[in-house]
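Below is one structure, written out as structure tokens; the observations come after it.
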Amino acid sequence: MGTEWLDTIVDARYDATARIVVLDLVSPDEVELPEFAAGAHVDVLVDGAAGLVRQYSLCGPPHERTRYRLAVLAETASRGGSLGMHRLRKGDRLRISLPRNRFGLSHEARRHLLVAGGIGITPLLAMAHALEASGAEYELHYCARSRADSAFLTELEHNPHIRLHFDDGPDEQRFRTATDIGPPDPETAIYVCGPGGFMDFVISAALEAGWRAEAIHKERFTPVQDATPKAAGGTFTVRLAKTGGEYEIKEGESILDVLLANDVDAPYSCQQGICGECIVRVLAGEPDHRDDILTDRERADGMFTPCSSRAHSPILELDL
Ligand code: FES
């Protein structure tokens with residue numbers, strides 16, 4: 001199931017910080033871009049046909065249909081993706097996927113508590129735009145190393161719903177889970193995005209304070225450590241219910257890689273257990289979940305990520 005690619009043109013580009021570039025993408029035909037909901041991301045074909053695909057959140061207002069806004073941090077350990085994005089100039093073409101969303105706003109919550117660490121501000125900024133437009137009750141906490149490392153300050157600074165926390169700032173503005181997250185509230189949803197260590201810190205503090213796991217929505221840019229098919233796990237067989245194919249998955253192999261190598265038309269994108277594009281249903285067998293996106297309820301409903309997860313049982317039957 002190949003990705004449907006959309007051609008765009010870089011209409012504006014500016015350096016928000018020394019390491020964050022902001023790119024505005026428009027349609028070459030000057031038509032509206034496909035609709036998206038706050039929290040969505042797009043896959044980006046960074047170097048054209050060479051197939052370097054990266055995921056970036058849409059951080060502009062969701063009601064703005066003439067342009068998509070991305071903000072990209074130059075990763076020090078970049079495998080080429082973020083640096084390729086930083087090289088883009090106004091007028092350059094960029095192919096992106098249709099927006100995808102595994103990090104949407106809760107429809108059940110009355111209040112929304114957004115917690116961003118560094119470049120994790122991107123999906124949460126789109127959420128803040130949407131919540132602002134709908135008049136919903138929300139608070140956004142943006143934690144960054146310093147003012148110089150923070151993007152979008154001019155649009156965030158004077159908004160009474162937004163609190164800025166700088167690591168090098170005075171003590172009284174530091175992010176404190178006890179007061180900034182506070183005690184559990186059944187009507188509030190928490191949304192967390194940022195570097196892995198920051199997210200783990202916020203999520204464990206909220207859980208320790210008694211928040212329900214289902215109230216905490218998260219989006220990671222990198223997989224949790226060891227949550228990969230390369231981590232230990234013995235050989236098992238994957239059986240595909242629709243095609244009838246059977247494939248042996250050896251230690252160190254991912255189910256998705258084996259399926260793709262055998263020309264199975266399976267959906268996928270990030271291949272790291274963080275985007276949700278490859279999710280399929282398990283029909284039989286015992287899954288060994290290693291993703292960081294499925295909720296306990298989704299796992300109980302049989303959902304499974306073949307790019308990152310494995311099997312505890314000798315045979316795993318998938319709805320493919
Ligand atoms: S391809 Fe992204 S979670 Fe599997």
Side-chain angles (χ1 to χ4, degrees), residues 1-6 36-37 39-46 51-58 70 72 75 79-82 95-104 119-120 122-123 191-196 199-200 203 216-231 233 236 238 240 242 247 249 252-283 285 287-311 316-320:
M1 283 168 220
T3 300
E4 189 181 335
W5 294 105
L6 200 64
F36 73 96
H41 71 271
V42 289
D43 285 359
V44 174
L45 204 49
V46 179
L52 189 60
V53 178
R54 293 290 180 269
Q55 290 76 37
Y56 297 106
S57 298
L58 297 173
L70 310 180
V72 181
E75 303 280 359
R79 292 169 292 152
S82 66
R95 300 196 100 185
I96 64 173
S97 71
L98 296 176
R100 301 182 166 129
N101 202 342
R102 288 274 313 163
F103 191 46
I119 195 63
T122 49
Y191 307 83
V192 191
C193 188
M199 292 185 60
D200 293 342
I203 293 167
I216 306 170
H217 306 258
K218 56 187 190 277
E219 179 155 272
R220 291 187 188 269
F221 294 140
T222 49
V224 281
Q225 234 175 0
D226 295 335
T228 71
K230 308 282 184 257
F236 58 95
V238 162
L240 304 187
K242 287 182 181 146
Y247 305 94
I249 314 295
E253 289 182 333
S254 93
I255 298 175
L256 180 68
D257 285 349
V258 172
L259 297 184
L260 295 178
N262 284 282
D263 297 324
V264 174
D265 192 14
Y268 70 98
S269 176
C270 72
Q271 298 183 261
Q272 299 181 89
I274 52 177
C275 78
E277 192 56 25
C278 66
I279 292 172
V280 292
R281 195 166 288 280
V282 172
L283 300 176
D288 172 9
H289 293 287
R290 298 184 180 193
D291 65 277
D292 194 43
I293 43 173
L294 294 175
T295 62
D296 289 347
R297 192 185 301 169
E298 289 172 327
R299 288 178 179 182
D301 282 348
M303 293 168 87
F304 179 79
T305 56
C307 73
S308 54
S309 297
R310 303 182 63 81
L316 193 71
E317 186 170 311
L318 301 180
D319 189 17
L320 268 175

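Residue numbers count from 1 along this sequence. Counting starts at 1 for both ligands and their atoms, following the listed order.
- The aromatic rings of Y191 and F103 sit perpendicular to each other, their planes meeting at more than 60°, with 30° as the lower class boundary.
- Within ligand 1, the atoms closer than 4.0 Å to a non-hydrogen atom of G276 are 2 (Fe), 3 (S), numbered from 1 in the order shown.
- In summary, the atoms of ligand 1 found under 4.0 Å from a heavy atom of G273, numbered by their order in the structure, are 3 (S).
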- Task: Let me see the working for L240 and L259 under side chain to side chain contact (heavy atoms under 4.5 Å, CB included), right down to the final yes or no.
- Result: CA-CA 10 Å; L240 304 187; L259 297 184; 4.1 Å; yes
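- Distances below 4.0 Å separate heavy atoms of C270 from the following atoms of ligand 1: 1 (S), 2 (Fe), 3 (S).
- Note on C307: not counted as a metal contact of atom 2 (Fe) of ligand 1, no N/O/S atom lying under 2.8 Å.
- Salt bridge D291/R220: absent, no basic N to carboxylate O contact under 4.0 Å.
- The pair E75-R54 fails the salt-bridge criterion, with no side-chain N (NZ, NE, NH1 or NH2) lying under 4.0 Å from an Asp/Glu carboxylate O.
- Taking a cut-off of under 4.0 Å to the non-hydrogen atoms of C275, the atoms of ligand 1 that pass are 1 (S), 2 (Fe), 3 (S).
- Looking only at atom types and distance, the side chain of S254 has no donor-acceptor partner in the side chain of Q271 under 3.5 Å away.
- Shown in contact with Q271 at under 4.0 Å from a heavy atom are these atoms of ligand 1, numbered in order with element: 1 (S), 2 (Fe).
- The two residues V282 and P287 have their closest heavy-atom pair at CG2-CG, 4.2 Å.
- Near I274, meaning under 4.0 Å from any of its heavy atoms, are these atoms of ligand 1: 3 (S).
- Distance check for C278 against atom 2 (Fe) of ligand 1: none of its N/O/S atoms falls below 2.8 Å.
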